[in-house]
There are 2 protein chains.
Amino acid sequence: MDQTICPRFEKAISIMNKRWTTLIIFQLLEGSQRFCEIESSIGVSGRVLSERLKDLEKEGIVKRSVYDETPVRIEYTLTKKGESLKPALDQIQKWAETWVEPSE
Amino acid sequence: MDQTICPRFEKAISIMNKRWTTLIIFQLLEGSQRFCEIESSIGVSGRVLSERLKDLEKEGIVKRSVYDETPVRIEYTLTKKGESLKPALDQIQKWAETWVEPSE
DNA sequence: TATACTTACTTACATAAAGTAAGTTAATTA
DNA sequence: TAATTAACTTACTTTATGTAAGTAAGTATA
């Protein structure tokens with residue numbers, strides 16, 4: 001409430017802090033994926049995945065592409081904005097490798 | 001559910017993904033702080049702050065120090081494990097400066 | 001000396017977010 | 001024709017968070 005923190009940083013955190021968001025982005029850094037691929041790879045429920053993908057699209061982090069084949073194929077891809085989160089996620093991974101026990 | 005993601009990374013994300021956690025760590029990167037200082041600087045409720053600080057202590061990211069003055073003073077400080085999250089947060093901030101509009 | 005205030009919480013209750021499971025539409029395969 | 005898949009949505013339950021009040025120990029103020 002004191003607003004001592006940079007508002008852009010707070011905004012960034014409010015995006016990344018939502019459950020599943022970071023994991024979704026992490027998955028998409030490997031390349032475009034379909035709805036059910038993301039769903040099964042990170043274990044998020046369809047209900048929330050659908051919600052998050054819409055949020056991320058609205059934020060310009062993810063792009064939804066419809067390929068009009070039969071059957072129709074829908075793919076989710078990171079935009080440039082989304083891809084540029086890679087260095088941040090890389091740092092988190094680096095931290096995890098040093099400090100997180102593999103046991104838990 | 002498929003467990004295609006590195007478990008250490010998932011653990012790291014599960015810590016950072018909890019609401020307020022990253023902001024608490026960000027605050028503590030500035031130096032030790034008291035309960036009510038964190039509370040008012042980021043706008044988290046006491047109820048959740050109390051919960052988060054306990055979690056972070058259990059994870060070895062935050063240390064709680066009691067200074068036996070009168071009145072007693074309690075301070076929360078990052079451990080080495082906690083401090084080494086700085087590069088990750090720095091990257092998020094860098095991303096925010098480039099990609100997040102100041103308006104919202 | 002009584003009253004109000006501060007810190008660091010906890011407790012009880014209300015609301016918001018996430019999980020679960022079933023349903024939908026359109027097309028595909030057995 | 002029946003079952004299956006993809007990409008969702010809907011209804012309902014459980015969990016997480018917010019709000020507000022309460023507590024204990026001490027301090028300052030009238």
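In this text, all values refer to a predicted model and were calculated from it rather than measured experimentally. Lettering of chains follows the sequences in order, A, B, ..., and the numbering in each one begins at 1.
Closest approach of Glu39(A) to Leu49(A), counting heavy atoms only: N-CD2, 3.7 Å. In plain terms, the two heavy atoms of Ser84(A) and Lys81(A) that are nearest each other are OG-O, 2.9 Å.
Atom CD1 in Ile74(A) sits about 11 Å away from atom C1' in dA26(C), given to the nearest Å. Here the P atom of nucleotide dT7(C) and the OH atom of Tyr67(B) are 18 Å apart, to the nearest Å. Glu51(A) places its CD atom 13 Å from the C1' atom of dC8(D), with the value rounded to the nearest Å. The interatomic distance linking Arg64(A) (CZ) with dA6(D) (C1') rounds to 11 Å, in whole Å. Going from atom CD of Glu69(B) over to atom C1' of dT27(D) covers 14 Å, rounded to whole Å. As a whole-Å value, the separation of Ile38(A) CD1 from dA7(D) P is 9 Å. In this entry the distance linking CD of Gln33(A) with P of dA7(D) reads 11 Å, nearest Å. Remark: P of dA6(D) and CZ of Arg73(A) are 13 Å apart, rounded to the nearest angstrom.
The side chain of Tyr76(A) places no N or O atom within less than 4.0 Å of a non-bridging phosphate oxygen (OP1 or OP2) of dA6(D). Between Trp20(B) and dA16(D) there is no side-chain polar atom (N or O) within less than 4.0 angstrom of OP1 or OP2. Applying the 4.0 Å criterion to OP1 and OP2 of dC9(C), one finds that Ser50(B) has every side-chain N and O outside that range. A sub-4.0 Å separation between OP1 or OP2 of dG19(C) and a side-chain N or O of Arg19(A) is present. Residue Lys18(A) places none of its side-chain N or O atoms closer than 4.0 Å to OP1 or OP2 of dA16(C).
Closest to the side chain of Val48(A), out of dT10(C), dT7(C), dA18(C), is dA18(C). When each of dG18(D), dT28(C), dT20(C) is scored by its nearest atom to the side-chain atoms of Thr70(A), the top-ranked nucleotide is dT28(C). Distance from the side chain of Ser45(A) is smallest to dG19(C) among dA7(D), dC9(C), dG19(C). Counting only heavy atoms from C-beta on, Pro71(A) has its side chain closest to dA27(C) among dT17(D), dA27(C), dG19(C).
With hydrogens and angles ignored, the 3.5 Å screen pairs no side-chain donor or acceptor of Ser32(B) with any backbone N or O of Thr77(B).
Salt bridge annotation for Glu59(B)-Arg52(B): absent, with no cationic side-chain nitrogen under 4.0 angstrom from a carboxylate oxygen. One finds a salt bridge joining Glu75(A) and Arg73(A) here, because a Lys/Arg side-chain nitrogen approaches an Asp/Glu carboxylate oxygen to under 4.0 Å.
At the heavy-atom level, Arg47(B) lies under 4.0 Å from base atoms of the strands shown.
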